[in-house]
Amino acid sequence: MGDLNDKQGGLHMGGKTRRSKALLPIPTVQTAQALVRLYGRLKGELGKASAGEEVMIPVGDVKLHMSRIIGLMPLLGIDFDPEAVKTVKTRVQIGPLKWGNLRSGTLTVLRHRGDWMTYREIADALLARNRKAKALDVAQMSKFVQKVREALFFQMKAGAVERELEIGVGVSDQHQRFRLSQTLFRM
């Protein structure tokens, strides 16, 4: 089975180190890794609750599950430090695209078009590209366009896209358009 410290980085990976042996004579490394990841997500639920955000699991259940994980670690032969586990806040997916497809999709749509596009044109092209054009009502489309705006903002900061106009706050009679960065993406 090998040394858990060699495989997972010892104290740097969730604060777990290998004791002499697991109490059961079965491979337990993957089980321990999965439980540490689950513990991090449960910590995220506690963090969301303390920040007043909506949680997916009631706080009482979260604490119960966390104590169960702490209790399982000695059985797996792991010295477990709950404080060292990174907190991960689980969020509900917003929008029709899979995780990670929004930013890469905007670049693909802009590359395919090769010209300036508005937020709504990019959103429509993303939906058409992913065959989800009829899946959104007006409210969902509004939220999706906002997600496209956010994605383009971060891509603009990274230098991947350029905006056409410097529109001030409160100016609503002009439409902002974007294209791929001419310095990063030469056509």
Side-chain angles (χ1 to χ4, degrees), residues 8-9 12-14 30 33-59 61-62 65 84-187:
Q8 299 178 4
H12 302 293
M13 297 278 302
Q30 289 180 338
Q33 289 173 335
L35 287 172
V36 168
R37 284 191 295 271
L38 179 59
Y39 192 88
R41 290 198 180 270
L42 291 170
K43 278 180 73 173
E45 288 297 300
L46 287 180
K48 289 187 333 187
S50 66
E53 298 179 41
E54 186 176 336
V55 295
M56 298 177 163
I57 303 171
V59 173
D61 291 347
V62 169
H65 295 310
V85 177
K86 181 181 174 189
T87 301
V88 179
K89 292 183 179 180
T90 305
R91 306 276 187 212
V92 176
Q93 178 179 342
I94 297 173
L97 302 183
K98 291 182 182 175
W99 187 258
N101 284 353
L102 184 61
R103 290 188 190 182
S104 63
T106 58
L107 294 178
T108 302
V109 164
L110 288 169
R111 182 175 24 254
H112 180 71
R113 174 82 174 264
D115 199 11
W116 297 101
M117 293 180 77
T118 65
Y119 295 116
R120 182 60 189 247
E121 290 171 337
I122 295 169
D124 289 337
L126 281 169
L127 292 173
R129 181 175 175 266
N130 290 284
R131 296 178 184 87
K132 298 183 187 273
K134 296 181 181 172
L136 302 181
D137 60 19
V138 174
Q140 290 173 327
M141 186 60 169
S142 177
K143 289 180 182 177
F144 183 61
V145 170
Q146 179 58 36
K147 290 296 176 187
V148 169
R149 285 175 182 249
E150 292 168 8
L152 288 167
F153 172 79
F154 288 108
Q155 288 174 323
M156 190 181 67
K157 288 192 93 104
V161 297
E162 298 172 348
R163 64 181 170 196
E164 183 179 34
L165 303 170
E166 292 289 332
I167 299 176
V169 176
V171 178
S172 61
D173 61 336
Q174 296 178 322
H175 293 283
Q176 185 64 271
R177 298 190 315 169
F178 292 87
R179 70 176 177 192
L180 286 179
S181 169
Q182 299 297 300
T183 56
L184 286 181
F185 302 98
R186 298 211 167 108
M187 306 227 185

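What you are looking at is a predicted structure, and each value in this text was computed from that prediction instead of being measured. What you see below is based on every heavy atom in this structure, not just the backbone, and it leaves out hydrogens, waters and symmetry mates. Residue numbers run from 1 in the order of the sequence given.
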>> With side chain to side chain contact (heavy atoms under 4.5 Å, CB included) as the criterion, how do R129 and H112 come out once you've worked through the C-alpha distance, each side chain's angles and the decisive distance to 0.1 Å?
In response: CA-CA 11 Å; R129 181 175 175 266; H112 180 71; over 6 Å; no
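Taking both residues in full, the closest heavy atoms of V145 and A123 are given as CG2-CB, 3.8 Å, listed atom of the first, atom of the second, then distance. A49 approaches V59 most closely through the heavy-atom pair CB-CG2, 3.5 Å.
Panel note: side chain T108, backbone S104; a donor-acceptor pair is recorded below 3.5 Å. Although no hydrogens or angles enter the test, the distance criterion places a donor-acceptor pair under 3.5 Å between the side chain of Q176 and the main chain of E164. A donor-acceptor distance shorter than 3.5 angstrom exists from the side chain of S181 to the backbone of G159, with no hydrogens or angles considered. In terms of modelled atom types and a separation under 3.5 Å, the side chain of D61 and the main chain of I57 share no donor-acceptor contact.
A distance of 10.5 Å separates CG of L110 from CZ of R179, quoted to the nearest 0.5 Å. The CG atom of L102 sits 9.0 Å away from the CD atom of E150 when rounded to the nearest 0.5 Å. Atoms CZ and NZ, from R103 and K147 in turn, are 10.0 Å apart once rounded to the nearest 0.5 Å. A distance of 5.0 Å separates CG of L126 from CZ of F144, quoted to the nearest 0.5 Å. With rounding to the nearest 0.5 angstrom, the NE2 atom of H175 is 7.5 Å from the OG1 atom of T118. Note: M117 CE to F178 CZ = 12.0 Å, rounded to the nearest 0.5 Å.
For the pair L127/M141, a side-chain contact is recorded, criterion being any heavy-atom separation below 4.5 Å from C-beta on. In this structure, the side chains of T90 and M56 come closer than 4.5 Å at one or more pairs of heavy atoms. Here the side chains of R163 and M156 are in contact, with some heavy-atom distance below 4.5 Å.
With sequence neighbours excluded, the residues forming a side chain to side chain donor-acceptor pair (under 3.5 Å) with R120 are D124, listed by chain and number. Residues meeting the salt bridge (charged side-chain N to carboxylate O under 4.0 Å, His left out) test with K48, sequence neighbours left out: E45. With sequence neighbours excluded, no residue forms a salt bridge (charged side-chain N to carboxylate O under 4.0 Å, His left out) with R41.
In summary, E53 and R91 engage in a salt bridge, as defined by a charged side-chain N under 4.0 Å from a carboxylate O.
Under the side-chain contact (heavy atoms from CB on, under 4.5 Å) rule, V161 has a single partner from T106, L107, I122, which is L107.
Judged by a 6.0 Å distance limit and a 45° cone about the ring axis, R149 is positioned over the six-membered ring of Y119.
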